[in-house]
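A short worksheet on the structure shown next.
Order of the sequence lines sets the chain letters (A, B, ...), proteins ahead of strands, with each chain counted from 1. Just so it is clear, the model here is predicted, and its values are computed rather than measured. Just so you know, these numbers use all the heavy atoms, side chains as well, and skip hydrogens, waters and symmetry mates.
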2 protein chains.
Amino acid sequence: MSTEEKIKKSAFKLFLEKGFDRTSIRDIAEKAKINIALLNYYFRSKQNLFDSIFSGLLDKYTPELCSLLNKDLSLEDKIRQYISKYMDILMENSELVFFILSVLHRDHQKISDMSMFKSLIDYNSFIEQMEKEIKKGNIKPCDPHQFYLNMMSLIAFPFTIKNVISDKFEMTDEEFRNYMLERKNIIGDMLISYIKN
Amino acid sequence: MSTEEKIKKSAFKLFLEKGFDRTSIRDIAEKAKINIALLNYYFRSKQNLFDSIFSGLLDKYTPELCSLLNKDLSLEDKIRQYISKYMDILMENSELVFFILSVLHRDHQKISDMSMFKSLIDYNSFIEQMEKEIKKGNIKPCDPHQFYLNMMSLIAFPFTIKNVISDKFEMTDEEFRNYMLERKNIIGDMLISYIKN
DNA sequence: GTCTATAACGGGATAGAC
DNA sequence: GTCTATCCCGTTATAGAC
């Protein structure tokens with residue numbers, strides 16, 4: 001692993017765990033087993049390092065999520081596959097949701113301007129597909145935007161309170177993962193039952 | 001308004017807006033139009049001031065939410081009223097969800113030990129009511145804990161991405177409020193449709 | 001590329017006068 | 001209770017040797 005990659009990986013872990021502000025470049029340097037000067041040699045500043053990591057994240061996950069929304073699938077299949085794919089990503093790293101919320105909270109304008117982020121929150125083809133199904137009478141009339149928001153809420157929110165859930169039910173990380181896994185079907189059923197009635 | 005209240009109010013606004021770490025005691029002092037020494041005279045430390053504000057929040061909202069869960073209401077009425085009450089609180093201050101998530105992320109152990117917080121996440125009577133209805137065959141068999149988690153997700157998550165939503169649909173604060181208001185029925189319908197089929 | 005040393009700054013907290 | 005002045009610390013960033 002290159003020094004640059006080593007720094008990024010260490011920094012990412014710390015940012016996830018403690019957030020941007022509570023992570024010092026000293027922490028990062030220590031974890032990556034390099035010194036502060038070297039960190040600044042590669043990334044010029046802590047903010048720059050962070051931005052680089054965040055862009056990398058968007059690039060890694062956005063394309064597959066977007067392409068799924070544009071696939072030629074039945075609405076129900078698309079919903080279930082989207083849930084599954086999204087949750088797989090989040091289960092890989094359960095701190096991700098809060099991490100992204102934090103970035104949005106601090107740097108909303110900057111993030112909004114990133115093209116990858118624009119892609120991530122562009123679900124027009126999904127909206128159109130729902131509108132078609134509503135017109136055809138296959139599903140109940142409803143607001144597709146609110147429906148999509150509901151889907152995202154059901155997918156993402158539980159990860160933001162992982163600590164509370166794990167604590168309340170005395171779960172290990174593995175048990176939490178399984179609990180989230182169970183949700184794939186539950187969420188799908190709930191969303192489908194809403195539009196089918 | 002007493003000096004102490006003035007400090008708390010100013011600090012709360014800043015903590016909501018910028019978070020604990022990015023809010024300096026100098027910011028707070030400036031906003032409250034006092035000086036740093038006075039702030040430390042009243043609260044000893046920034047952390048102490050924060051804790052005092054957070055406790056106050058829990059004390060303010062927890063009781064009415066808890067008592068609603070223990071009321072003698074039909075399951076459907078309870079769900080709809082709980083959604084409505086919770087969302088009223090969050091609409092009053094849309095930054096509250098992220099604020100609490102941040103605290104949970106940073107200080108989970110300390111928060112878990114607070115008795116008011118324990119009350120807030122204690123929904124046993126709701127679980128029992130659902131189990132009874134399932135046994136009676138009035139609603140579909142399902143996991144009541146996951147159901148409650150779904151309800152909370154649908155209620156809370158949209159507030160954490162208020163910026164993204166307002167931006168995408170070019171909403172004013174008032175329009176966002178109305179958008180959330182619409183959700184009361186949508187969320188209720190979705191949850192009810194799930195357990196009625 | 002990698003290191004040591006240090007500059008420059010901003011933060012929280014306190015001493016002590018009034 | 002309220003103020004001014006200041007201390008002390010941790011942080012980022014950079015200069016310069018190797």
Return yes if a side-chain donor-acceptor contact under 3.5 Å exists between A:Ser193 and B:Ser193, otherwise no. yes
Set of ring pair (Phe, Tyr, Trp, His ring centres under 6.0 Å) partners for [X], sequence neighbours left out:
X	value
A:Phe50	A:Phe15, A:Phe20, A:Phe99
B:Tyr42	none
A:His145	A:Tyr123, B:Phe169
B:Phe126	B:Tyr148

Go along nucleotides 3-18 of chain D 5' to 3' and tag each nucleotide: B for a protein heavy atom under 4.0 Å from its base, S when only backbone or sugar atoms are that close, - otherwise. BB------BBBBB---
A:Asp189: partners by salt bridge (Lys or Arg N to Asp or Glu O under 4.0 Å), with sequence neighbours left out: A:Arg80
For B:Asp173, enumerate each residue passing the salt bridge (Lys or Arg N to Asp or Glu O under 4.0 Å) test, keeping only those at least two apart in sequence or located in another chain. B:Lys162
Test: salt bridge (charged side-chain N to carboxylate O under 4.0 Å, His left out). Region: residues 39-62 of chain B. Which pairs qualify, not counting sequence neighbours? B:Asp51-B:Lys110
Any salt bridge (charged side-chain N to carboxylate O under 4.0 Å, His left out) pairs touching residues 15-24 of chain A, not counting sequence neighbours? A:Lys18-A:Asp27, A:Asp21-A:Arg106, A:Asp21-B:Arg22, A:Arg22-B:Asp21
Here the helical stems involving DNA chain C, each at least 3 consecutive Watson-Crick or G-U pairs closer than 3.5 Å, sorted by first residue number, are C:1-18 with D:1-18
What's the OH-C1' distance between B:Tyr42 and C:dT14, to the nearest Å? 18 Å
Under 3.5 Å, which donor-acceptor pairs do the side chains of residues 1-12 of chain B form with other protein atoms, sequence neighbours left out?
| unit_1 | atom_1 | unit_2 | atom_2 | d |
| --- | --- | --- | --- | --- |
| B:Ser2 | OG | B:Glu5 | N | 3.1 |
| B:Lys8 | NZ | B:Ser52 | OG | 3.0 |
| B:Ser10 | OG | B:Lys6 | O | 2.9 |

Classify the nucleic acid contact of A:Phe43 as base, sugar-phosphate or nothing, counting any heavy atom under 4.0 Å across all strands shown. nothing
DNA chain D-proximal residues of residues 2-16 of chain B, any heavy atom under 4.0 Å: B:Thr3
